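No experiment lies behind these values; they were computed from the predicted model shown. Count residues from 1 along the sequence.
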Amino acid sequence: MKNYIKKEVNRLIKKYNTNNPFEIAKGENIIILFEKLGNINGYYNKYARQKFIHINEDLDFQSQFLTCAHELGHARIHPDSNTPFFRDNSFYSINKLEKQANYFSAELLIDANKIDKCLLGLYSVEQLAAIYNVPVELINLKFNLG
C-alpha cells in the first residue's frame, strides 16, 4: 500500500504542480468546508458522489493545512469510506485507514529530495520537523523512524 500511496502522491503533485493540499483538493473537485467542530480537527465524507473535506475553522492555518493533507489522503485512497474524526492524537492511531492517511500526508508534505540534503547535514528529526513545519510523527512516518 505504501508504494501505491507514493505513486498517487507523486501523480497528484505532478498533475497540479504543487504539494499544497488545498490546491490539489480544489483541482480534484473536492469541496472543503470550514466549520466549528469543537475538539475535532476534521473529517472526510462522500455524499451523492461528491467528496467533502470538513476542517475545524478554529484551528490555526498550519493545523488546517495538515488536516487538509490528511483528509485528502482519505479522499484519494479511501474514497468511499466516511472516515472517523481526525483528532490531535491520530498519529498514534492503530486504525489502518488513519495510518494510511497519515502516510499520505507525510508523502505529500515532505519532499524527500530536500530531506536527503538535510539528513546529510545531520539534522535531528525535531529539526527536520521544524524546517518543514510538520509534526515529528510525519518525519518518522516518511522515513520509517521510531
Side-chain angles (χ1 to χ4, degrees), residues 1-2 4-115 117-118 123-146:
M1 180 57 100
K2 284 188 175 185
Y4 171 76
I5 293 170
K6 280 185 181 188
K7 287 179 184 175
E8 179 62 10
V9 167
N10 288 333
R11 185 190 71 75
L12 290 169
I13 290 171
K14 185 175 181 180
K15 180 177 181 179
Y16 296 107
N17 197 32
T18 186
N19 71 336
N20 183 314
F22 290 109
E23 292 178 25
I24 293 171
K26 181 179 178 183
E28 293 289 299
N29 296 313
I30 299 169
I31 296 172
I32 298 175
L33 302 170
F34 293 90
E35 308 169 288
K36 292 224 178 269
L37 298 176
N39 66 344
I40 297 163
N41 289 358
Y43 64 98
Y44 161 77
N45 78 311
K46 184 176 177 183
Y47 178 75
R49 297 189 302 187
Q50 176 60 58
K51 296 176 182 179
F52 297 89
I53 292 174
H54 304 259
I55 298 175
N56 191 329
E57 67 185 28
D58 294 327
L59 296 175
D60 61 72
F61 177 76
Q62 187 58 28
S63 296
Q64 290 178 343
F65 195 81
L66 290 167
T67 299
C68 187
H70 176 93
E71 300 306 337
L72 179 61
H74 285 301
R76 296 304 310 152
I77 57 180
H78 314 124
D80 296 320
S81 297
N82 292 328
T83 62
F85 293 125
F86 175 51
R87 298 180 190 272
D88 287 337
N89 293 330
S90 71
F91 294 117
Y92 303 107
S93 174
I94 57 170
N95 179 295
K96 182 174 125 180
L97 299 182
E98 292 302 309
K99 284 182 178 181
Q100 291 170 350
N102 286 338
Y103 185 72
F104 180 97
S105 61
E107 284 296 321
L108 181 65
L109 299 177
I110 301 167
D111 183 341
N113 295 323
K114 292 179 183 176
I115 291 286
K117 292 174 189 171
C118 290
Y123 285 108
S124 70
V125 173
E126 291 78 13
Q127 289 169 320
L128 291 172
I131 289 167
Y132 289 95
N133 205 15
V134 298
V136 168
E137 293 82 5
L138 287 187
I139 298 293
N140 288 332
L141 280 172
K142 176 79 175 180
F143 295 102
N144 293 320
L145 306 172

In terms of heavy-atom contacts, L37 and Y43 come closest through CD2-CE2, 4.1 Å
Any chance the side chains of E98 and H74 put a donor and an acceptor closer than 3.5 Å? yes
dist N20:CG -> F65:CZ (nearest 0.5 Å) comes out at 4.5 Å
- Task: Ignoring hydrogens and angles, tell me if any N or O in the side chain of N56 forms a donor-acceptor pair with the backbone of I40 under 3.5 Å.
- Result: yes
Scanning both residues in full, the closest heavy-atom pair of K46 with D80 reads NZ-OD1, 2.7 Å
With sequence neighbours left out, the residues meeting side-chain hydrogen bond (donor to acceptor under 3.5 Å, both in side chains) with N133 are Q62
D58 meets the side-chain hydrogen bond (donor to acceptor under 3.5 Å, both in side chains) criterion, sequence neighbours left out, with K36
Across all chains, not counting sequence neighbours, the salt bridge (Lys or Arg N to Asp or Glu O under 4.0 Å) partners of K15 are E28
For Q127, the side-chain hydrogen bond (donor to acceptor under 3.5 Å, both in side chains) test, sequence neighbours excluded, returns S124
dist N10:CG -> K7:NZ (nearest 0.5 Å) comes out at 10.0 Å
Sorted by chain and number, sequence neighbours left out, side-chain contact (heavy atoms from CB on, under 4.5 Å) with A69 holds for P21, S105, L108, L109
The reported gap from CG in L128 to NZ in K142 (rounded to nearest 0.5 angstrom) is 12.0 Å
CG (N19) and CD1 (I110) are apart, to the nearest 0.5 Å, by 10.0 Å
message = Is it true that, when you exclude D60 itself, more than 12 heavy atoms of the residues, nucleotides or ligands shown sit nearer than 6.0 Å to its CG?
response = yes
Can M1 and K99 be said to form a side chain to side chain contact (heavy atoms under 4.5 Å, CB included), step by step? CA-CA 11 Å; M1 180 57 100; K99 284 182 178 181; over 6 Å; no
Closest heavy-atom pair, L12 versus R76, reported as atoms and distance to 0.1 Å, is CD1-CG, 3.8 Å
Distance col, row R11:CZ vs Y4:OH, nearest 0.5 angstrom, shows 8.0 Å
Smallest heavy-atom separation, N102 atom then L138 atom, equals O-CD2, 3.6 Å
Between H54 and the options N45, N41, T67, the side chain to side chain donor-acceptor pair (under 3.5 Å) test singles out N45
For A25 and I53, the nearest pair of non-hydrogen atoms, with its separation, is CB-CD1, 4.4 Å
Taking E23's backbone N and O only, do any of them form a donor-acceptor pair with Y16's side chain (distance below 3.5 Å, no angle check)? no
On a heavy-atom basis, the closest approach of F104 and I5 is CA-CG2, 3.6 Å
**Q.** E8 (side chain) donor-acceptor with G73 (main chain) under 3.5 angstrom
**A.** no
The side-chain hydrogen bond (donor to acceptor under 3.5 Å, both in side chains) partners of Q64 (sequence neighbours excluded) come to none
Applying side-chain contact (heavy atoms from CB on, under 4.5 Å) to K6 and not counting sequence neighbours gives Y103, E107
When rounded to the nearest 0.5 Å, the distance separating CD1 of I55 from CZ of F22 is 4.0 Å
